[in-house]
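To start, the structure itself, in structure tokens.
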2 protein chains.
Amino acid sequence: MTTQLHLQIDDRSGVPVYRQIMDQIKYYVAGGTLRPGDQIPSIRELANAMAVNPTTVVKAYSELEAEGIIEKRHGKGAFIAAQAPALSVVDQEIALRRSAKQLAVEATQLQVPSPKVITVVREELGALSPERNDEDDPIKFSVLGGDRAS
Amino acid sequence: MTTQLHLQIDDRSGVPVYRQIMDQIKYYVAGGTLRPGDQIPSIRELANAMAVNPTTVVKAYSELEAEGIIEKRHGKGAFIAAQAPALSVVDQEIALRRSAKQLAVEATQLQVPSPKVITVVREELGALSPERNDEDDPIKFSVLGGDRAS
DNA sequence: CTGTCTGTTTGATAACACCCAAACACTTAA
DNA sequence: TTAAGTGTTTGGGTGTTATCAAACAGACAG
């Protein structure tokens, strides 16, 4: 049965299903709920659980593999990859700066005071950083807004 | 001639041209270089300056208008819109949190230490917030990576 | 070997994104 | 009215995205 994952797919959001899968797995990896070596649901298992075509899950898994997040093994399953070596500090900063700039522009447009922006970023970082609990989170599959399941 | 804008289009980036236009105008608005009432380049003028089809600029301007950033006036030109009334604090936070969470996940994946994330976000916010100079910035059009201009 | 897990690949479809060309309509000044 | 500026609209070509169905191939327990 592999690791249980609590994935929520929202059909109404407009965000592609494969991308929702990617984002959420990334989130669990970032938060430490999923750790290197952990087995994640097989393509068919996940596709079946959320009532989508296996190819859609393949798409998500393939992209994640290309990003070095997971590793697929033929006949075995899919696993969280060993943590990739950190980029050079300059490359880190280039990538980070792009996202930060975008956040800054959006926050300004929303007229959010800077201190609040910092606070929220701190909170979101904090939600990920702590060493994760081991066997908490009753992790399940689920689907939202699905007129998918006939 | 309207307001001069320093817009750089990078064909290699993969980011759609119309979106690059949008992002940069948003950035100037957020930074105060462009203020409510300011006239921005006409569709044709901008299209000509950066060697793209006018319809591409129309796309960018229309999206910006839908977001309340600018205002198009038939026969007159395009202008920076009056600043939209701020959202409620809760709505602000919902929107902001979404972006912040994404930043946090990315930063974690990049293995950037939290303090550095905060620092960079501070810097990017700071690059926008100060009362903007009035007539600085030699603002021009330009295109990068253009095999476009024959 | 056989069955049943696993991932892999191919081909098709429908929808959308992106960019373009050209004709249309409003505004203003001469 | 005319001219030259402005934004508007329509239609099409091209490529990508998103999803699916079905057949293919490795791993392993029995």
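What you see is a predicted model; the values in this text were computed from it and never measured. Chain letters run A, B, ... following the sequence lines, proteins first, then strands; residues in each count from 1.
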Polar side-chain contact A:T55-D:dA21 base: donor and acceptor under 3.5 Å:
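Indeed there is one.
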Record whether the side chain of A:H74 comes under 3.5 Å of the base of D:dA27 through a donor-acceptor pair of N or O atoms.
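No pair found.
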B:I70 side, atom CD1; B:F79 side, atom CZ - distance, nearest 0.5 Å:
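CZ of B:F79 is found 10.5 Å from CD1 of B:I70.
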With rounding to the nearest 0.5 angstrom, report the NZ to CD1 distance, B:K72 to B:I40.
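B:K72 atom NZ to B:I40 atom CD1 measures 10.0 Å (nearest 0.5 Å).
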Base, sugar-phosphate alone, or nothing: which one does B:Y61 contact when heavy atoms must sit under 4.0 Å apart?
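Nothing, no nucleic acid heavy atom in range.
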Tell me what B:R44 touches on the nucleic acid: a base, only sugar-phosphate, or nothing, going by heavy atoms under 4.0 Å.
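If one applies the 4.0 Å heavy-atom cut-off, B:R44 turns out to touch a base.
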Round to the nearest Å and state the distance from A:K72 atom NZ to C:dT9 atom P.
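Those two atoms, NZ and P, are 8 Å apart.
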Could you give the CD1-to-C1' distance, from A:I43 to D:dA25, as a whole number of Å?
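Computing the A:I43:CD1 to D:dA25:C1' distance gives 13 Å.
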Do NZ/NE/NH1/NH2 and the carboxylate oxygens of A:E67 and A:K26 come within less than 4.0 Å?
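Salt bridge flag = yes for A:K26 with A:E67.
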Ion pair A:E71/A:R73, N-O distance below 4.0 Å
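Yes, this pair counts.
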Given [options], the nucleotide with the shortest approach to the side chain of [X]:
{"X": "B:Y18", "options": "D:dT6, D:dT8, C:dC18", "answer": "C:dC18"}
{"X": "A:T56", "options": "C:dT8, D:dT19, D:dA27", "answer": "D:dT19"}
{"X": "A:K76", "options": "D:dC28, D:dA18, C:dC18", "answer": "D:dC28"}
{"X": "B:S42", "options": "C:dC19, D:dA18, D:dT6", "answer": "D:dT6"}

Quick one: is C:dC19 close enough that its OP1 or OP2 comes under 4.0 Å of any side-chain N or O from B:N53?
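No, outside the criterion.
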If you assign each of A:K59 and B:S62 to its closest nucleotide in DNA chain D, which residue comes earlier from the 5' end?
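Taking each residue's closest nucleotide, the earlier one in sequence belongs to B:S62.
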